[in-house]
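Reading through the structure tokens given below for one structure.
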Amino acid sequence: QLQLVESGGGLVQPGGSLRLSCTASAFTLKYYGIGWFRQAPGKEREGVSCINGRGDSTNYADSVKGRFTISRDNAKNTVYLQMNSLKPEDTAVYYCAADPSGLFGRCVLSLNKYNYWGQGTQVTVSS
């Protein structure tokens, strides 16, 4: 069973930055598309960003374009989400997820394409 682990969450002031990491033990992530999703209290889980396995296709939700950057370092078996200019509305639990069919082509932010999920990391943006 593929197990994903997120890290890097925390409390940050508005306008600040955080970098989330997603890694896996015993599995090679480079064969998977990876997505970042978030869920705020009382809201549905939503897609934030994704990257295909080759790293040549990325996608972002409109709400984070120009502020968040997704990247992957396959040598380190890790996918990152760099979050800049954070806003209070970015507060949520952030999850990474793996798409077994996401090695090539354009990645998509559809929850049902992602079969494996991490436990999430809390991001709180507050002064």
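Keep in mind the model is a prediction, meaning the values are calculated, not measured.
Residues Leu20 and Gly9 share a closest heavy-atom pair of CD2-N, 3.6 Å. Contact record, Gly120 with Val93: CA-CG1, 3.8 Å, taken as the closest heavy-atom pair. Of all the heavy atoms in Lys113 and Ser101, the pair that sits closest is NZ-OG, 3.4 Å. Closest approach of Ser85 to Arg67, counting heavy atoms only: O-NH1, 3.0 Å. A pairwise comparison of heavy atoms in Lys76 and Thr78 identifies O-OG1, 2.8 Å as the closest pair.
Residues Leu109 and Leu29 are members of separate hydrophobic clusters, defined by side-chain heavy-atom contacts under 4.5 angstrom among Ile, Leu, Val, Met, Phe, Trp and Tyr. Ile34 and Tyr31 fall within a single hydrophobic cluster, where Ile, Leu, Val, Met, Phe, Trp and Tyr side chains are chained together by heavy-atom contacts under 4.5 Å. Grouping the Ile, Leu, Val, Met, Phe, Trp and Tyr side chains by contacts below 4.5 angstrom, directly or via other members, places Tyr32 apart from Trp117. Met83 is connected to Tyr60 through a chain of hydrophobic side-chain contacts under 4.5 Å among Ile, Leu, Val, Met, Phe, Trp and Tyr, so both are in one cluster. Residues Tyr80 and Leu4 fall into different hydrophobic clusters, defined by Ile, Leu, Val, Met, Phe, Trp and Tyr side chains chained together at heavy-atom separations under 4.5 Å.
Note that CZ of Arg54 and CZ of Phe104 are 5.5 Å apart. Values are rounded to the nearest 0.5 Å. For the atom pair CD1 (Ile70) and CH2 (Trp36), the distance works out to 8.0 Å, reported to the nearest 0.5 Å. In this structure, the separation between OG1 on Thr121 and CG on Leu81 is 11.0 Å, given to the nearest 0.5 Å. Here the CD1-OG distance, from Ile51 to Ser71, works out to 6.5 Å after rounding to the nearest 0.5 Å. The SG atom of Cys96 sits 4.0 Å away from the CD atom of Glu6 when rounded to the nearest 0.5 Å. Taking OG from Ser126 and CG from Leu11, the interatomic distance works out to 6.5 Å, rounded to the nearest 0.5 Å.
Under a cut-off of 6.0 angstrom, the local environment of CD in Gln119 is sparse, with at most 12 non-hydrogen atoms contributed by other residues, nucleotides or ligands. Shown here is Gln3, whose CD atom has no more than 12 heavy atoms of other residues, nucleotides or ligands within 6.0 Å. Atom CD of Glu44 is surrounded by 12 or fewer heavy atoms from other residues, nucleotides or ligands within 6.0 Å.
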Worked verdict on Thr69 versus Thr58 for side chain to side chain contact (heavy atoms under 4.5 Å, CB included) = CA-CA 9 Å; Thr69 303; Thr58 60; over 6 Å; no
Practice task
Walk me through it: do Gln39 and Tyr94 pass the test side chain to side chain contact (heavy atoms under 4.5 Å, CB included)?
Solution key: CA-CA 7 Å; Gln39 188 165 19; Tyr94 283 71; over 6 Å; no
>> Would Val123 and Leu18 count as a side chain to side chain contact (heavy atoms under 4.5 Å, CB included) here? Give the steps.
In response: CA-CA 9 Å; Val123 172; Leu18 284 173; 3.9 Å; yes
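Between Val125 and Gln13, every side-chain heavy-atom pair lies at or beyond the 4.5 Å cut-off.
Without hydrogens or angle criteria, Asp99 side chain to Asn115 main chain gives no donor-acceptor distance under 3.5 Å. No donor-acceptor distance shorter than 3.5 angstrom exists from the side chain of Ser57 to the backbone of Asn52, with no hydrogens or angles considered. With hydrogens and angles disregarded, no donor-acceptor distance shorter than 3.5 Å links the side chain of Asn84 to the backbone of Phe68. Asn59 places no side-chain N or O within donor-acceptor distance of the main-chain N or O of Ser49, the cut-off being under 3.5 Å. Arg45 places no side-chain N or O within donor-acceptor distance of the main-chain N or O of Leu111, the cut-off being under 3.5 Å.
No hydrogens or angles considered: nothing links the side chains of Asn112 and Ser110 as a donor-acceptor pair under 3.5 Å.
When ring centroids are compared, Tyr114 and Phe37 come within the 6.0 Å threshold.
Stacking of Arg38 on the aromatic ring of Tyr95 is not recorded, the 6.0 Å distance cut-off and the 45° axial limit not both being met.
Residues that satisfy the salt bridge (charged side-chain N to carboxylate O under 4.0 Å, His left out) test with Lys43, not counting sequence neighbours, are absent from this structure. Arg19 meets the salt bridge (charged side-chain N to carboxylate O under 4.0 Å, His left out) test with no other residue; sequence neighbours excluded.
Using a 4.0 Å cut-off between a side-chain N of Lys or Arg and a carboxylate O of Asp or Glu, Asp90 and Lys87 do not qualify as a salt bridge.
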